[in-house]
Novice: 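My questions will all concern the structure given below.
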Amino acid sequence: MDDLENTLKGKANVEDVYTKEEVDDKLEDVVAGQVDMSLYYDKSRTDDLLAGKQAVLSAGKNIVISEDNEISAIDTIYDDSALKEALSDLQGEVEKKANAEDIYTKEEMDDKLDEVMAGQADMSFYYTAEQTDGLLDEKQALLIAGDHITITEGNRISAKDMAYDDTAISGRVDTLSSQLAQKADTSALSNYLQKTENAAFATKLATARTINGVSFNEESNITVPVKFQATGVTTLSSLSSVDITASYDLRFTATANQTLSFAAATDGAECIIAINNTASSAITITFPTTNVQTEESTMSIAAGEIGEISVRYLFSKFVIKVI
């Protein structure tokens, strides 16, 4: 394209120049004195003008020459659909072919067959895989002799003779003999209490003992104050005048706000009160204020939730804690 442009730059437009014939005719007119020479160029001037021009070009395939002598190439759209289809078909054919390194030629196959036939084994010296599996099923894994065990070449298993060490037993006998020597002679039975006899202090302790704060010397039964009852469940019908000695586990189902109060209790009694809120909204449990010690005056229980409080009666006060 660059060579073509350079060639065009060296050519003249035909309408701007004279042909040799036209120049000769005009020169003849000049000689005859019939032409105004101011209207003409001499050859030197004409040659100079021609040097700045080039031969007229014609537009070939996909070329356009404008009125201003601008040369342009026509944009073309390349339709490669046929090529793509051909390539796709070719790819399909290639995929059907085997790689040369993965197959044998006929000549190579013939050579291998000749080798196999020439060295064919006598199969009477072989077992089939099925026969081998059957023989293996009749055997077991090899055994390894552990402590005190021997295995002979005939696969006979025996236990080794072990020397018996009775040192520990001898020491124990010596210990028992020493302890026995320290025991009293039971030949004088009058010095000992028989199984069916009572000792002098069997009906009364020499020194009374205190059980849970109550003196006990075995002479009579005693009553121990109940601190709490760890077993049993009591379902309450109301939170009014609750008896905390009824059982350790007290339960109540609430559907609305409640006010808690207690019945009389013994010192040391305690319980857990579980309150199940089956209402569709939160409820409030209000605690009593008389003879009560608590850090909170109420307990809020969300809908569908369970609230628990611990109650103990100590020093004439109900101690309430929200769990």
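Everything quoted here is computed from the prediction, not taken from an experiment. Below, each value reflects all heavy atoms present in this structure, side chains not excepted, and no hydrogens, waters or symmetry copies.
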Novice: Calculate, to the nearest 0.5 Å, the distance between atoms OG1 and CG belonging to T234 and L250 respectively.
Specialist: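 Spacing of OG1 (T234) from CG (L250) equals 5.5 Å.
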Novice: How far apart are the closest heavy atoms of L314 and G268, and which atoms are they?
Specialist: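 Between these two residues, the closest heavy atoms are CD2-CA, 4.1 Å.
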Novice: Roughly how far apart are N277 CG and T253 OG1, rounded to 0.5 Å?
Specialist: 10.0 Å
Novice: Just jot down the ring pair (Phe, Tyr, Trp, His ring centres under 6.0 Å) partners of F262, sequence neighbours excluded, or say none.
Specialist: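 F262 satisfies ring pair (Phe, Tyr, Trp, His ring centres under 6.0 Å) with F318 once adjacent residues are dropped.
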Novice: Side-chain atoms of residues 286-310: list all donor-acceptor pairs with protein atoms under 3.5 Å, sequence neighbours left out, distances to 0.1 Å.
Specialist:
| residue | atom | partner | partner atom | Å |
| --- | --- | --- | --- | --- |
| T294 | OG1 | E296 | N | 3.2 |
| T294 | OG1 | E296 | O | 2.8 |
| T294 | OG1 | I320 | O | 3.2 |

Novice: Give a yes or no on whether L236 and I285 share a hydrophobic cluster (residues Ile, Leu, Val, Met, Phe, Trp, Tyr; joining criterion: side-chain heavy atoms under 4.5 Å apart).
Specialist: yes
Novice: If we ignore hydrogens and angles and just use 3.5 Å, is the side chain of N257 paired with the main-chain N or O of T284 as donor and acceptor?
Specialist: yes
Novice: Out of curiosity, does Y248 fall in the hydrophobic cluster containing V322 (side-chain heavy atoms, cut-off under 4.5 Å, transitive links)?
Specialist: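 The answer is no; the residues belong to distinct hydrophobic clusters.
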Novice: Any side-chain donor paired with an acceptor under 3.5 Å for T245 and D243?
Specialist: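 Yes, because at least one side-chain N or O of T245 sits under 3.5 Å from a partner of the opposite role on D243.
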Novice: Applying side-chain contact (heavy atoms from CB on, under 4.5 Å), run through F252 and N276 and close with a yes or a no.
Specialist: CA-CA 6 Å; F252 178 72; N276 182 22; over 6 Å; no
Novice: What are the two closest non-hydrogen atoms of I273 and C271, and how far apart are they?
Specialist: CG1-SG, 3.9 Å
Novice: Grouping I, L, V, M, F, W and Y whenever their side-chain heavy atoms are under 4.5 Å apart, do I275 and I272 come out in a common cluster?
Specialist: no
Novice: Under the 3.5 angstrom rule, does the side chain of D267 hit a backbone N or O of F315 as a donor-acceptor pair?
Specialist: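 Yes, D267 side chain to F315 backbone: donor-acceptor pair under 3.5 Å.
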